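In what follows, a structure is listed as structure tokens, so that the remarks can point back to it.
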Amino acid sequence: MDERELIARIKTEGLHIKLEREVTSTNDILKEAAARGAKQGEVLIALSQTKGRGRLGKSFFSPLGTGVYISLLLRPDLLAAPLLTTAAAVAVCRGIGDVLGLSAGIKWVNDIYLNGGKVCGILAESGGFGDGRYAVLGLGINLLTPPGGFPEDIKEIAAPLFTAPPRGLETEELLAKIIDRFFEIYEKLPDRDFMREYRERSILTGRGVNFALGDERLFGTVLGITDDGKLRLRLGNGEEREFSSGEIEIDKDFLRELRWNRNQTMTG
Ligand code: BTN
């Protein structure tokens, strides 16, 4: 990754971008910076993380050489972490479309799917009080399949964004686009205009899914996503409910279907 080439491609003004080879967690570092008073627009990009974090307290696989890990420090007027996550999901998809010409899908709430699996995860965290309120938005992108493959626990789900090594400065272009696309949406966040695209990109709408909310296990059909990012499910008993948190368990048949479709597209 070429820091200068990356910075040269970013059009958003007022950002302070730093690239590191290895950090603990880009989200943790920017949360600490936020607590010390750092301003909106800090962007930390790492080539590897030793303590990458995902949602629900899980660790996030962050090896050197095959992924990239980004955090943005924001000081939004309204601390709407779910809205930031959905906005970021649309921004990542737009960036992928701009640079690779591919149409990525979204698995509620924060996973980007392409090439038959998850290519990017998003973690928005907020904190602070009064004028010190902040949000840190983290993006973990699988650029390539690591030598030897993805680890056992994620190998069914993870996929690389690039199926062949990126050409020239493609990675720099992609990151710059994603960052610009995010700030474009962020400037008009309360309008929620991007939610229409979020819904259109939802890969699970209309499908039956297993849904976990803490210890509770539910089965339902995904009806859609509300303007404030809640998942709408019709449960087995016909009841319709909205969820602001929880996890859809993606099933293996569906992943197989995605992979099959990808192979048809590649060979067909
Ligand atoms: C998920 O899929 O559960 C969300 C993953 C978010 C990972 C990113 S990588 C950059 C930032 N730093 C972290 O420690 N986590 C986020």
Side-chain angles (χ1 to χ4, degrees), residues 1-19 26-27 30 40-47 60 62 66-74 83-124 135-144 158-189 191-203 229 262:
M1 178 92 53
D2 187 320
E3 189 175 13
R4 279 193 15 223
E5 295 285 359
L6 171 67
I7 292 173
R9 281 167 175 72
I10 296 176
K11 298 202 176 73
T12 309
E13 284 171 12
L15 302 183
H16 179 242
I17 297 150
K18 211 167 150 197
L19 178 71
T26 55
N27 263 33
L30 284 197
Q40 168 160 304
E42 291 290 321
V43 179
L44 179 58
I45 302 174
L47 302 181
F60 187 79
S62 312
T66 56
V68 65
Y69 317 97
I70 310 169
S71 293
L72 314 175
L73 170 56
L74 306 166
L83 210 56
L84 291 176
T85 309
T86 48
V90 172
V92 171
C93 293
R94 286 186 186 170
I96 292 172
D98 291 338
V99 177
L100 304 179
L102 299 171
S103 181
I106 301 172
K107 172 184 170 269
W108 184 87
V109 55
N110 64 336
D111 293 343
I112 309 301
Y113 273 69
L114 188 74
N115 295 325
K118 173 173 167 176
V119 295
C120 171
I122 300 168
L123 178 66
V136 171
L137 180 68
L139 311 174
I141 305 177
N142 301 325
L143 296 172
L144 291 164
L161 192 55
F162 292 104
T163 45
R167 282 170 296 139
L169 295 164
E170 225 171 9
T171 309
E172 286 80 352
E173 275 161 23
L174 180 73
L175 298 193
K177 271 288 179 206
I178 291 174
I179 291 169
D180 283 340
R181 289 301 208 166
F182 174 75
F183 280 102
E184 265 167 40
I185 299 176
Y186 179 71
E187 271 169 27
K188 296 188 236 143
L189 195 66
D191 299 352
R192 292 166 162 77
D193 287 345
F194 63 93
M195 281 309 296
R196 199 175 124 203
E197 184 172 340
Y198 184 96
R199 281 190 279 269
E200 284 167 4
R201 289 188 183 272
S202 162
I203 54 173
R262 177 196 67 178

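The structure presented is a predicted model; accordingly, all values stated were derived computationally and were not measured.
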What is the minimum heavy-atom distance between Tyr198 and Ala89, and which atoms define it? CE1-CB, 3.9 Å
As an exercise, state the distance from CG of Leu139 to CD1 of Ile112, rounded to the nearest 0.5 Å. 8.5 Å
After noting the C-alpha distance and the side-chain angles of Leu143 and Thr66, does the key distance pass the side chain to side chain contact (heavy atoms under 4.5 Å, CB included) rule? CA-CA 5 Å; Leu143 296 172; Thr66 56; 5.8 Å; no
Close side-chain approach of Leu74 and Phe182, heavy atoms under 4.5 Å: yes
Between atom CD1 of Ile70 and atom CD1 of Ile122, what is the distance when rounded to the nearest 0.5 Å? 10.5 Å
Looking at CD of Glu172 and CZ of Arg4, how far apart are the two atoms once the value is rounded to the nearest 0.5 Å? 12.5 Å
Tell me, please, which residues at least two apart from Lys188 pass salt bridge (charged side-chain N to carboxylate O under 4.0 Å, His left out). none
Minimum heavy-atom distance Leu144-Pro165, with the two atoms named: CD2-CA, 4.0 Å
For Asn142, give me all partners under side chain to side chain contact (heavy atoms under 4.5 Å, CB included), at least two apart in sequence or on another chain. Phe150, Ala158
For residues 10-17, which side-chain N or O atoms pair as donor and acceptor with protein atoms under 3.5 Å away, sequence neighbours left out?
| unit_1 | atom_1 | unit_2 | atom_2 | d |
| --- | --- | --- | --- | --- |
| Thr12 | OG1 | Asp180 | OD1 | 2.5 |
| His16 | ND1 | Glu42 | OE1 | 3.0 |
| His16 | ND1 | Glu42 | OE2 | 3.3 |

Does the side chain to side chain contact (heavy atoms under 4.5 Å, CB included) test come out yes or no for Tyr186 and Leu84, once each step is laid out? CA-CA 8 Å; Tyr186 179 71; Leu84 291 176; 3.8 Å; yes
NZ (Lys18) and OG (Ser71) are apart, to the nearest 0.5 Å, by 13.0 Å
One pair to check against side chain to side chain contact (heavy atoms under 4.5 Å, CB included): Leu174 and Glu170. What are the steps and the verdict? CA-CA 6 Å; Leu174 180 73; Glu170 225 171 9; over 6 Å; no
When rounded to the nearest 0.5 angstrom, what distance separates CD1 in Ile178 from CD1 in Ile96? 5.5 Å
Please examine the side chains of Leu19 and Leu47, heavy atoms only from C-beta on, and report whether any two atoms are closer than 4.5 Å. yes
Does Lys107 have any side chain to side chain contact (heavy atoms under 4.5 Å, CB included) partners at least two apart in sequence or in another chain, and if so, which? Asp111, Tyr113, Ile203, Leu204, Glu247, Ile248, Ile250
Going by the side chain to side chain donor-acceptor pair (under 3.5 Å) test, which pairs reach into residues 86-100, not counting sequence neighbours? Arg94-Glu197, Asp98-Arg181
Could you tell me which non-hydrogen atom of Gly116 sits nearest to which non-hydrogen atom of Ala159, and how far apart they are? C-CB, 4.4 Å
Could you measure the distance from the CD atom of Gln40 to the CZ atom of Phe183? Nearest 0.5 Å is fine. 6.0 Å
Heavy-atom closest pair, residues Arg201 and Ser103: NH1-OG, 3.6 Å
Considering all heavy atoms of both residues, which atom of Val109 and which atom of Thr85 are nearest to each other, and what is their separation? O-CG2, 4.0 Å
In short, Asn115 meets Leu161 closest at the heavy-atom pair ND2-O, 3.1 Å
I'd like to know whether Ile141 forms a side chain to side chain contact (heavy atoms under 4.5 Å, CB included) with Leu175, so could you lay out the CA-CA distance, the side-chain angles of the two residues, the decisive distance to 0.1 Å, and finally the verdict. CA-CA 10 Å; Ile141 305 177; Leu175 298 193; 4.0 Å; yes
My understanding is that only residues two or more places apart in sequence, or in another chain, count here; which of them pass salt bridge (charged side-chain N to carboxylate O under 4.0 Å, His left out) with Glu173? Arg9
